[in-house]
Each structure stands twice: as C-alpha cells, then as structure tokens.
Amino acid sequence: MADVARLAGVNASTVSHVLNGTRTVSAPTREAVLAAIARTGYRQNALARSLARSSTTTLGLASRFVSNPHFADLVTSIESSARRAGYSLVLADTHDDPEQELRAVHELADRRVDGVLLAPSVHAADGALPFLRQHRVPTVLLDRFTDAPLDQVAPENTEATALLTGHLADLGHTSLAFVAGLTGLSSTTERLEGFTRVVTSRALSGTVLDGGSETEVAEAAVRAAFAGPGRPSAVVVGNNSMTVGTLRALRALGLRVGVDVALVCYDDPEWADLVDPALTAIHQDVPAMATRAVTMILERLRDDAPAAPRRERIPPTFRHRASCGC
C-alpha cells in the first residue's frame, strides 16, 4: 500500500479510502490511485484485514452437494445472496454423514467464517449442532428443521405433499405408493405425513417405499413394488434424486408414466418439463429460501435479530403438468 501511495503521490490512508470506500475521494486522485494499483499489481491482504476487523466477511455453507441437484441450486442462490451483501462463501460437503458433517463445521470454524449455514443431517444434534453452539458460531439451519434453538428456514412440506396426493385421489386412484427419503430427516417426516394424512382420510391403500433419498435406492424399491400384479396405480416421489430412480424403474418395467402409472413428485428439477410426459411437481422457491437464510445470519452478525430463534417456512408452488395422467 505504501508503494501504491508513493507512486500515486498520496497518503496511504487515501489508498485505503479508495479501496474500501470509507471516504469520498476526488475523481483525479481516485484515478491516480487506481492507476498505481494497476501498475504495481497490488492486492489487499484479506487475512490481515480480517485480523484487524475480527471479521473475514465470509460465510460457511455445510450441506450435501454431491448427487442432489437441489443442493447445487441452493449453493448458487446462497452464493449470489452472500455476494450482494459483500460476503464470500466457503463450501463444505457433509455427504449427509454425521462424521463428515462434524468435520465440515470444524473446518469452517478453523477458517474463521463469520457464520455457518447448515443443512443438518439426521444426527446433527449429536455432533455438529452442539459444536456450533458451544463455540458460539452464528448459525442458521436451512432446508430441514431440527429441535435446536437456532434460526431455521425451510420449505413447507406437509401441505404440499398432501396436495400432490389429493390430486391423485381426485383423479380416481385408490392404490398409491410414496417413495420416502432418508429416515429421520424432517423433510422426509413431513412429506410422509402429508401423504399419510390423505390416504387415511380418504380410506385409500397406501404403500411406503424406502427410497433413502438416493437414485439407486429408489430405483430398486420401485422396481420391487411395481413388478408384480396388484401394483399401485400412482406414485408420489419425495425428492428429485428419487424421481430419477423412479422413472428408471418404471421404464425398465415397461410401464408408461401418465398412462400405466400416474406420477407426481416433490421437487421440480429444471428438466421436469423436458421429459415426456412433463412432471407434475412441487416447485421449491430456492432463491427465496437462500435469501432469507443469508438475511437471518447477517441480522445475527449485526445483533439486529430478535433474541428468540426464528422458524420460517417458504411456500412452494404446485406445477401441474402431464405425468399425473391429466
């Protein structure tokens, strides 16, 4: 910075004001400083700045990124929201495994992130969450709820899945299957609750298949359930990864979606209207959830949030297409 100041003929403090926007600098002086920066190739030392400010202007995101497009969309939306607020994003993949999840939050804390956004695994309450609370790391949970006294934001699951199931019932289906996600996740529990409520209230036949939130697991479960006589006439799928497995299974069995088997799904992948027939689905407002999560954590960092933890739901949208047989 001293070299830049000397070359531009200004004080080092003026260089700092130009870089950080902390004070108005005349246009000619600003141009001289920027020209000197270009000539010297000077870059600010982010580590030194973070030590001086006790802030790294970074947020950590710990989530499952591999094999689930939903979380890839979430990363993109969170990074965009964080960047608009002047923060960088550090990623750590949890693989939905408690040991890797704990390792991920350890690494984020070691990198001195200002706060952590976490999509909690089934066993987060036994490892990652106690660590974050013990070390007083500002934290917001997203996509899935837990009992932890932390800010949380997630999509609405129960009513949305009940709407999907009720739509199939309105079309005359009396034997339905639900491909459920990983046991223990709040999203799985809530979506199963929506399915079960409609099946019970309308006295329908309902079969729950363990899809494990994985493409291959769902494919195997659906192939087994739909291979023989007396198969369900319709299926509700609990997330986009399992939808891929379900479609593969039905195709392998020679069953036509929307004709032989009605299909609806929670999650609306970008290819949902490109397959034939296009998928009837619940569309999550991922950008809205991301924006709200980033806003929540920044409010905590500024001490501008209520003392009590907040739990907020982002309403999804019903996308009515043709895979339901309509």
Side-chain angles (χ1 to χ4, degrees), residues 68-70 155-181 187-284 315-326:
N68 193 326
H70 165 69
E156 197 290 313
N157 292 303
T158 305
E159 296 301 327
T161 311
L163 187 155
L164 288 174
T165 310
H167 178 64
L168 295 175
D170 290 341
L171 295 176
H173 294 282
T174 59
S175 178
L176 287 73
F178 179 69
V179 185
S187 53
T188 298
T189 301
E190 292 163 359
R191 293 170 195 177
L192 177 58
E193 179 183 342
F195 172 82
T196 303
R197 188 174 72 194
V198 173
V199 167
T200 301
S201 65
R202 300 205 186 188
L204 307 175
S205 173
T207 302
V208 178
L209 308 178
D210 181 7
S213 296
E214 298 280 357
T215 298
E216 293 77 12
V217 178
E219 180 178 358
V222 172
R223 288 189 69 156
F226 284 77
R231 58 173 171 77
S233 63
V235 58
V236 182
V237 190
N239 77 8
N240 53 15
S241 292
M242 296 187 298
T243 297
V244 173
T246 299
L247 290 172
R248 287 177 180 170
L250 296 177
R251 183 178 63 182
L253 294 170
L255 298 174
R256 296 166 294 171
V257 173
V259 179
D260 301 314
V261 178
L263 183 149
V264 296
C265 53
Y266 197 107
D267 281 341
D268 184 33
E270 62 176 313
W271 46 264
D273 60 349
L274 300 178
V275 297
D276 185 20
L279 301 181
T280 294
I282 291 296
H283 177 81
Q284 294 192 53
T317 305
F318 178 56
R319 296 282 175 86
H320 187 197
R321 301 188 181 102
S323 64
C324 52
C326 292

Trainee: With Asp273, which residues qualify under salt bridge (charged side-chain N to carboxylate O under 4.0 Å, His left out), at least two apart?
Mentor: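 Scan of Asp273 (salt bridge (charged side-chain N to carboxylate O under 4.0 Å, His left out), adjacent residues dropped) gives none.
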Trainee: What pairs meet the side-chain hydrogen bond (donor to acceptor under 3.5 Å, both in side chains) rule with one or both residues in residues 200-212, with sequence neighbours excluded?
Mentor: Asp170-Arg202
Trainee: I need the His70 NE2 to Ser213 OG distance, nearest 0.5 Å.
Mentor: 11.0 Å
Trainee: With a 4.5 Å cut-off on side-chain heavy atoms, are Val235 and Leu176 touching?
Mentor: no
Trainee: Taking atom SG of Cys324 and atom CG of Leu279, what is their separation to the nearest 0.5 Å?
Mentor: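 Interatomic distance, Cys324 SG to Leu279 CG, rounded to 0.5 Å: 10.0 Å.
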Trainee: Measure from the side-chain N and O atoms of Glu193 to the backbone N and O of Arg197, and report whether any donor-acceptor pair falls under 3.5 Å.
Mentor: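 Between the backbone of Arg197 and the side chain of Glu193 there is no qualifying donor-acceptor contact (under 3.5 Å).
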Trainee: Can you list the residues that meet the side-chain hydrogen bond (donor to acceptor under 3.5 Å, both in side chains) rule with Ser233, with sequence neighbours excluded?
Mentor: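 Ser233 satisfies side-chain hydrogen bond (donor to acceptor under 3.5 Å, both in side chains) with His173 once adjacent residues are dropped.
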Trainee: Is His320 close to Cys326 at the side-chain level, that is, under 4.5 Å between some pair of heavy atoms?
Mentor: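 Yes. Closest side-chain heavy atoms under 4.5 Å.
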Trainee: Any chance you could lay out the side chain to side chain contact (heavy atoms under 4.5 Å, CB included) test for Val179 and Val236, step after step, and finish with the verdict?
Mentor: CA-CA 6 Å; Val179 185; Val236 182; over 6 Å; no
Trainee: Residues in salt bridge (charged side-chain N to carboxylate O under 4.0 Å, His left out) with Glu216, at least two apart?
Mentor: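 Counting only residues at least two positions away or on another chain, Glu216 forms no salt bridge (charged side-chain N to carboxylate O under 4.0 Å, His left out).
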Trainee: Would you be so kind as to tabulate the donor-acceptor pairs closer than 3.5 Å made by side chains of residues 217-231, with sequence neighbours excluded?
Mentor:
from   : atom 1 : to     : atom 2 : distance (Å)
Arg231 : NH1    : Asp260 : O      : 3.2

Trainee: Measuring from Ser323:OG to Arg256:CZ, what's the distance to the nearest 0.5 Å?
Mentor: 15.0 Å
Trainee: What verdict does the salt bridge (charged side-chain N to carboxylate O under 4.0 Å, His left out) test give for Glu159 and Arg191, after you've listed the backbone C-alpha separation in whole Å, the side-chain angles of each residue and the deciding distance to 0.1 Å?
Mentor: CA-CA 8 Å; Glu159 296 301 327; Arg191 293 170 195 177; over 6 Å; no
Trainee: With sequence neighbours left out, write down each residue that passes side chain to side chain contact (heavy atoms under 4.5 Å, CB included) with His283, or none if nothing qualifies.
Mentor: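 Result, side chain to side chain contact (heavy atoms under 4.5 Å, CB included) vs His283: Asp268, Thr317, Arg319.
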Trainee: What ring-ring contact (aromatic ring centres under 6.0 Å, His included) pairs are there with at least one residue in residues 189-217, not counting sequence neighbours?
Mentor: Phe178-Phe195
Trainee: What do the steps show when you test Leu263 against Leu247 for side chain to side chain contact (heavy atoms under 4.5 Å, CB included), and what is the final call?
Mentor: CA-CA 9 Å; Leu263 183 149; Leu247 290 172; 4.0 Å; yes
Trainee: Take Glu214 and Met242 through the side chain to side chain contact (heavy atoms under 4.5 Å, CB included) test and state the conclusion after the steps.
Mentor: CA-CA 6 Å; Glu214 298 280 357; Met242 296 187 298; 6.0 Å; no
Trainee: Mind checking side-chain hydrogen bond (donor to acceptor under 3.5 Å, both in side chains) for Arg251 and listing every partner two or more places apart, or none if nothing turns up?
Mentor: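 side-chain hydrogen bond (donor to acceptor under 3.5 Å, both in side chains) list for Arg251, sorted by chain: empty.
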Trainee: Would you mind reporting whether Thr243 and Pro269 have side-chain heavy atoms less than 4.5 Å apart?
Mentor: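 They are not in contact (no side-chain heavy atoms under 4.5 Å apart), so the answer is no.
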Trainee: With sequence neighbours excluded, tell me which residues meet side chain to side chain contact (heavy atoms under 4.5 Å, CB included) with Thr188.
Mentor: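 Checked Thr188 against side chain to side chain contact (heavy atoms under 4.5 Å, CB included); matches are Ala180, Leu185.
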Trainee: Can you tell me which residue pairs pass the ring-ring contact (aromatic ring centres under 6.0 Å, His included) test with a partner in residues 230-269, sequence neighbours excluded?
Mentor: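 Sorted result for residues 230-269: empty, none.
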Trainee: What pairs with Arg248 under salt bridge (charged side-chain N to carboxylate O under 4.0 Å, His left out), at least two apart in sequence or on another chain?
Mentor: none
Trainee: Under the side chain to side chain contact (heavy atoms under 4.5 Å, CB included) test against Thr161, which residue among Leu163, Thr158, Thr165 passes?
Mentor: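 Single pass found, and it is Thr165.
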Trainee: Would you say Leu204 and Ser175 make side-chain contact, with heavy atoms under 4.5 Å?
Mentor: no
Trainee: What's the spacing between Ile282 CD1 and Asn157 CG if we round to 0.5 Å?
Mentor: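 Those atoms lie 10.0 Å apart.
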Trainee: Roughly how far, to the nearest 0.5 Å, is OG1 of Thr280 from NE2 of His167?
Mentor: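 So the NE2 of His167 and the OG1 of Thr280 are separated by 5.5 Å.
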Trainee: Report the residues that fulfil salt bridge (charged side-chain N to carboxylate O under 4.0 Å, His left out) with Asp267, sequence neighbours left out, ordered by chain and then residue number.
Mentor: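 In terms of salt bridge (charged side-chain N to carboxylate O under 4.0 Å, His left out), with neighbours along the sequence ignored, Asp267 is linked to no residue.
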